[in-house]
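Counting starts at 1 for both ligands and their atoms, in listed order. In this chain, numbering begins with 1 at the start of the sequence shown.
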Amino acid sequence: MKAITFHGVGDVRATEVPDPKVVDATDVVLRITTSAVCGSDLHQYHGRGGGALVQTGATMGHEFMGVVEETGAAVRSVRRGDRVIVPFSVSCGQCDWCRSRMPTQCTTTGRAVFGGRFGHVWGGGQAERIRVPFADHLCEKVPADMADDDAIFLGDILSTGYVCAENGGIRPGDSVAVFGAGPVGLLAMQSAQLFGPARVFAVDRVDYRLALAAELGAEPVDLDAGDPAEQLRARTGGRGPDVVLECVGAEAPFTQAIQAVRAGGTVSSVGVYVEVSMGFPAREAFFKDLTLKMGICNARNHMAPLMPLVRLGKLRPARIITHTMPLAEAPRGYAIFDRKEDRAIKVMLKP
Ligand code: NAD
Ligand code: ZN
């Protein structure tokens, strides 16, 4: 089958790889109908994380959905022909961590991610087919009237944006600033609106992304027009926002988030920090009495609860899609998403 494989920094290619098969009785094989390029794929694409890259030749991608094509003998909850979404992290549903609603810490899979480099290496979703283990636990059926483009992000970036907003503890009337107007930040802005903030600010430097943020009800803050913490204080009566959502994944925005939040406020961060350590403005955080919440998203917990919000149009994740291309054109998709060319925000791949 055709798959997008990793060959070094900035080098992904459409290649032929062996078809996946059912190995364990709890597996299914999906025929992928839609996959996407995630900001987390860019960390691998850039070779960030101290050289701990995915293996050369490994299939990329952890945002995908599809139709069940083959099932293992023990699979009960899905059948051949079902359309399903799957979370980005691989978990068993049985271990202590999974039972305590932290499937990203799954000890059975070693915190694995589809197409990732942690734990057992599972094939990725930027392909024509994929093997999904623990199918009864990982697969969530999608109603026939729900389009792929509405459903797919429940498995990763919509759940992540939602969790970022929820962890911020936004209360009605709050002011909220979101660092990063990429796919995750834009979905965090949509999610923040569910909690009734008076104002939402969007911080980025990419004009067309800030323009979409404005369409979603956020007030743009241009990162390059001056220190973002000062700009945010100036626009909130000198105090700073009550809640700051960090959706970039680097030291600069993390530091700026802490600098921007008001005393006693909350910083909620979902950006992926692939470096082992980074600077932390400890003194400022301490004297501000702030609350910090960060981490990987346990997307499996949120797929079903958020689905009705998408079906009823209270969350409109598909609005961020700017490009849909055949799988084989994924190398161009990576390049424009990375370089922010051609007004790219979210790139979808159709096998
Ligand atoms: P993206 O790279 O498209 O978006 C990042 C945006 O941040 C860009 O628009 C960029 O211009 C902007 N930016 C850069 N520096 C900034 C700064 N100092 N202040 C404000 N904005 C700045 O990626 P994305 O797909 O939106 O993903 C964002 C982050 O979320 C990535 O780190 C990704 O790995 C992470 N992520 C985390 C989880 C999780 O489980 N926690 C899940 C999915 C994605
Ligand atoms: Zn992702």
Need the ligand 1 atom indices (1-based, order shown) with element for anything under 4.0 Å from a heavy-atom of Arg209.
1 (P), 3 (O), 4 (O), 8 (C), 9 (O)
Nearest-neighbour protein heavy atom for atom 2 (O) of ligand 1, which is reported as residue plus atom name and distance
Leu42 CD1, 4.2 Å
Any heavy atom of Gly295 sitting closer than 4.0 Å to ligand 1?
yes
Closest non-hydrogen protein atom to atom 41 (N) of ligand 1, residue and atom name please, with distance?
Val270 O, 2.9 Å
Minimum heavy-atom distance between Arg235 and Arg199, given as atom pair plus value:
O-NH1, 2.8 Å
Among protein heavy atoms, which sits nearest to atom 5 (C) of ligand 1, and what does the distance come to when rounded to 0.1 Å?
Cys247 O, 4.2 Å
With no hydrogens and no angle check, just 3.5 Å: does a side-chain donor-acceptor pair link Thr236 and Ser175?
no
For atom 20 (C) of ligand 1, the closest protein heavy atom turns out to be Val203 O, 3.3 Å
Output the list of atoms in ligand 1 that are nearer than 4.0 Å to some heavy atom of Lys340, sorted by atom number.
8 (C), 9 (O), 10 (C), 11 (O)
Regarding Asp156, does it place an N, O or S atom less than 2.8 Å from the Zn ion (ligand 2)?
yes
salt_bridge(Arg239, Asp242) N-O dist < 4.0 Å:
yes
With hydrophobic residues grouped by side-chain heavy-atom distances under 4.5 Å, do Val184 and Phe337 end up in a single group?
no
Tell me the protein heavy atom at minimum distance from atom 27 (O) of ligand 1, and give that distance in Å.
Val184 CG2, 3.5 Å
In terms of residue, atom name and distance, what is the protein heavy atom nearest to atom 24 (P) of ligand 1?
Pro183 CD, 3.7 Å
Please determine whether residues Val86 and Met307 belong to a single hydrophobic cluster, defined as Ile, Leu, Val, Met, Phe, Trp and Tyr linked transitively by side-chain heavy-atom distances below 4.5 Å.
no
Between Leu223 and ligand 1, which residue portion shows a heavy-atom distance shorter than 4.0 Å: side chain, backbone, both, or neither?
side chain
According to the interplanar angle, ranging from 0 to 90°, do the rings of Phe254 and Tyr273 count as parallel (below 30°), tilted (30 to 60°) or perpendicular (above 60°)?
perpendicular
Under 3.5 Å between some N or O of ligand 1 and some N or O of Asp156?
no
Heavy-atom distances under 4.0 Å decide this one: backbone, side chain, both or neither, for Val248 against ligand 1?
both
Return the orientation label for the Phe88 and His62 ring planes: parallel under 30°, perpendicular over 60°, tilted otherwise.
perpendicular
Per-atom filter on ligand 1: closer than 4.0 angstrom to a heavy atom of Gln256 are 17 (C), 18 (N), 19 (N)
Is it true that Asp27 and Arg131 make a salt bridge, defined as a side-chain N closer than 4.0 Å to a carboxylate O?
yes
May I ask whether Phe88 has any heavy atom positioned less than 4.0 angstrom from an atom of ligand 1?
yes
Based purely on interatomic distance, does Gly39 place a nitrogen or oxygen under 3.5 Å from a nitrogen or oxygen of ligand 1?
yes
Would Leu210 and Ile321 show up in the same hydrophobic cluster when neighbours are defined by side-chain heavy atoms closer than 4.5 Å?
no
Can a salt bridge be assigned to the pair Glu70 and Lys21 using a cut-off of 4.0 Å between side-chain N and carboxylate O?
no
Taking 4.0 angstrom as the limit and counting only heavy atoms of Val206, give me the atoms of ligand 1 inside it, by number and element.
11 (O)
Which of the atoms in ligand 1, numbered in the order shown and given with their element, are less than 4.0 Å from a heavy-atom of Asp204?
6 (C), 7 (O), 8 (C), 9 (O), 10 (C), 11 (O), 12 (C), 21 (N)
Do Val142 and Val67 land in one hydrophobic cluster if side-chain heavy atoms of ILVMFWY residues count as linked below 4.5 Å?
no
Please list, in number order, the atoms of ligand 1 under 4.0 Å from a heavy atom of Cys297.
39 (C), 40 (O), 41 (N)
Shortest non-hydrogen separation from Asp222 to Gln231 and the atoms involved:
O-NE2, 2.8 Å
Classify the angle between the aromatic ring planes of Tyr334 and Tyr45 as parallel (below 30°), tilted (30 to 60°) or perpendicular (above 60°).
tilted
Atom 44 (C) of ligand 1 [closest protein heavy-atom partner, distance rounded to 0.1 Å]
Ser40 OG, 3.4 Å
re atom 4 (O) of ligand 1, the protein heavy-atom contact at minimum distance is Gly182 CA, 3.5 Å
Sub-4.0 Å atoms of ligand 1 with respect to non-hydrogen atoms of Ile296
40 (O), 41 (N)
In terms of heavy-atom contacts, Val200 and Pro197 come closest through CG2-CG, 3.6 Å
Using a 4.0 Å cut-off to any heavy atom of His43, which atoms of ligand 1 qualify?
31 (C), 32 (O), 33 (C), 34 (O)
As a test of understanding, state which of Lys346, Arg319, Lys350 forms a salt bridge (charged side-chain N to carboxylate O under 4.0 Å, His left out) with Asp149.
Lys350
At the Zn ion (ligand 2): angle between Cys38 atom SG and His62 atom NE2, to 10 degrees
110°
Close N or O approach (Phe179, ligand 1; < 3.5 Å):
no
